[in-house]
**Student:** 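Below: one structure in structure tokens.
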Amino acid sequence: QVQLVESGGGLVQAGGSLRLSCAASVRTFNSFAMGWFRQAPGKEREFVAAISRSGLNTYYTDSVRGRFSISRDNAKNTVLLQMNSLKPEDTAVYYCAAAYVSSDYASVLLKGVDYWGKGTMVTVSS
């Protein structure tokens, strides 16, 4: 069983920055592609960013590319999402996600998530 715990959410003004963190309780952390999804009020959950097992490959949805950056520390079992130039439309609950994979592609996370965190709220005011 893998437990994912997010932190770092909060309220920020448009144009500001936040850094989300996800801590994973698993021995084989480097066997998982990791990523972030978000769900805005009244909308479906959507993909935000993913990172491969090694951390060498990343993948972003178009709306955040160039503003968000995903990274991981396999020694600390953590994944970070640095969010810059935040916009009101980034307001959502952000969920950490993990997929047990054999390849080192980031986009494999889109094929299926094995574990979800409980989420952390990000609110961007205009």
Side-chain angles (χ1 to χ4, degrees):
Q1 186 71 16
V2 177
Q3 187 174 16
L4 304 175
V5 179
E6 303 97 334
S7 62
L11 174 65
V12 63
Q13 289 188 331
S17 298
L18 278 177
R19 188 176 71 171
L20 304 183
S21 179
C22 173
S25 60
V26 61
R27 289 184 178 181
T28 57
F29 182 66
N30 59 4
S31 295
F32 290 83
M34 301 294 298
W36 294 89
F37 289 71
R38 67 187 179 187
Q39 187 167 16
K43 296 187 177 181
E44 294 187 352
R45 190 174 299 189
E46 65 173 359
F47 168 76
V48 176
I51 189 165
S52 66
R53 293 171 43 174
S54 69
L56 293 177
N57 300 301
T58 57
Y59 187 69
Y60 299 91
T61 191
D62 287 346
S63 62
V64 308
R65 188 174 292 114
R67 299 189 297 123
F68 291 10
S69 178
I70 188 170
S71 61
R72 66 188 293 163
D73 185 336
N74 284 347
K76 297 181 178 180
N77 285 18
T78 58
V79 179
L80 301 177
L81 184 68
Q82 178 66 43
M83 305 185 294
N84 299 326
S85 302
L86 283 161
K87 305 175 181 180
E89 51 264 43
D90 294 319
T91 295
V93 177
Y94 283 71
Y95 297 91
C96 182
Y100 186 80
V101 297
S102 58
S103 68
D104 199 36
Y105 294 102
S107 58
V108 295
L109 192 70
L110 291 169
K111 295 184 179 180
V113 173
D114 295 315
Y115 300 99
W116 293 96
K118 293 184 178 180
T120 184
M121 184 70 203
V122 172
T123 303
V124 184
S125 63
S126 58

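A quick note: this is a predicted structure, and the numbers were derived from the prediction, not measured.
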**Student:** Atom CD of Glu44 and atom CZ of Arg38: how far apart are they, to the nearest 0.5 Å?
**Tutor:** 14.0 Å

**Student:** Would you compute the distance between atom CZ of Phe37 and atom CG of Leu110 and round it to the nearest 0.5 angstrom?
**Tutor:** 5.5 Å

**Student:** Report whether Val79 and Val48 are members of the same hydrophobic cluster (ILVMFWY, side-chain heavy atoms less than 4.5 Å apart, transitive linking).
**Tutor:** yes

**Student:** Can you confirm if the NZ or CZ of Arg72 lies within 45° of the ring axis of Phe29 and under 6.0 Å from the centre of its six-membered ring?
**Tutor:** yes

**Student:** Just how far is it from atom CG of Leu81 to atom OH of Tyr60, taken to the nearest 0.5 Å?
**Tutor:** 7.5 Å

**Student:** Is the ring centre of Tyr59 less than 6.0 Å from the ring centre of Tyr105?
**Tutor:** no

**Student:** When you look at CZ of Arg19, are more than 12 heavy atoms from neighbouring residues, nucleotides or ligands closer to it than 6.0 Å?
**Tutor:** no

**Student:** Might you point out which heavy atoms bring Ala98 and Leu109 nearest each other, and give the distance in Å?
**Tutor:** C-CD1, 4.1 Å

**Student:** Identify every side-chain donor-acceptor pair in residues 112-126 under 3.5 Å, counting partners at least two apart or on other chains, and give the distances.
**Tutor:**
residue, atom, partner, partner atom, Å
Asp114, OD2, Tyr100, N, 2.7
Thr120, OG1, Gly9, N, 3.2

**Student:** Calculate, to the nearest 0.5 Å, the distance between atoms CD1 and CE belonging to Ile70 and Met83 respectively.
**Tutor:** 11.5 Å

**Student:** Please work out whether the ring planes of Tyr94 and Phe68 are parallel, tilted or perpendicular, with thresholds of 30° and 60°.
**Tutor:** tilted

**Student:** Are any of the side-chain nitrogens in Asp90 or Lys87 under 4.0 Å away from the carboxylate oxygens of its partner?
**Tutor:** no

**Student:** Between Trp36 and Val26, is there a shared hydrophobic cluster once you connect ILVMFWY residues whose side-chain heavy atoms come closer than 4.5 Å?
**Tutor:** yes

**Student:** Do the numbers put Arg45 on top of the ring of Tyr95, so that NZ or CZ is under 6.0 Å from the six-membered ring centre and no more than 45° off the axis?
**Tutor:** yes

**Student:** Within the distance-only criterion (no hydrogens, no angle test), does the side chain of Arg53 pair as donor or acceptor with the backbone N or O of Ala33 below 3.5 angstrom?
**Tutor:** no

**Student:** Determine whether Ser17 and Gln82 satisfy the following criterion, side chain to side chain contact (heavy atoms under 4.5 Å, CB included), listing intermediate values before the conclusion.
**Tutor:** CA-CA 8 Å; Ser17 298; Gln82 178 66 43; 4.0 Å; yes

**Student:** Got a second to check how far Asn74's CG is from Met34's CE, nearest 0.5 Å?
**Tutor:** 9.5 Å

**Student:** With distance as the sole criterion, is a donor-acceptor pair present between the side chains of Asp104 and Ser52 under 3.5 Å?
**Tutor:** yes

**Student:** Can you name the nearest heavy-atom pair linking Leu18 to Leu86, along with the distance?
**Tutor:** N-CD1, 3.8 Å

**Student:** How many angstroms lie between NZ in Lys43 and OG1 in Thr91, if you round to the nearest 0.5 Å?
**Tutor:** 10.0 Å

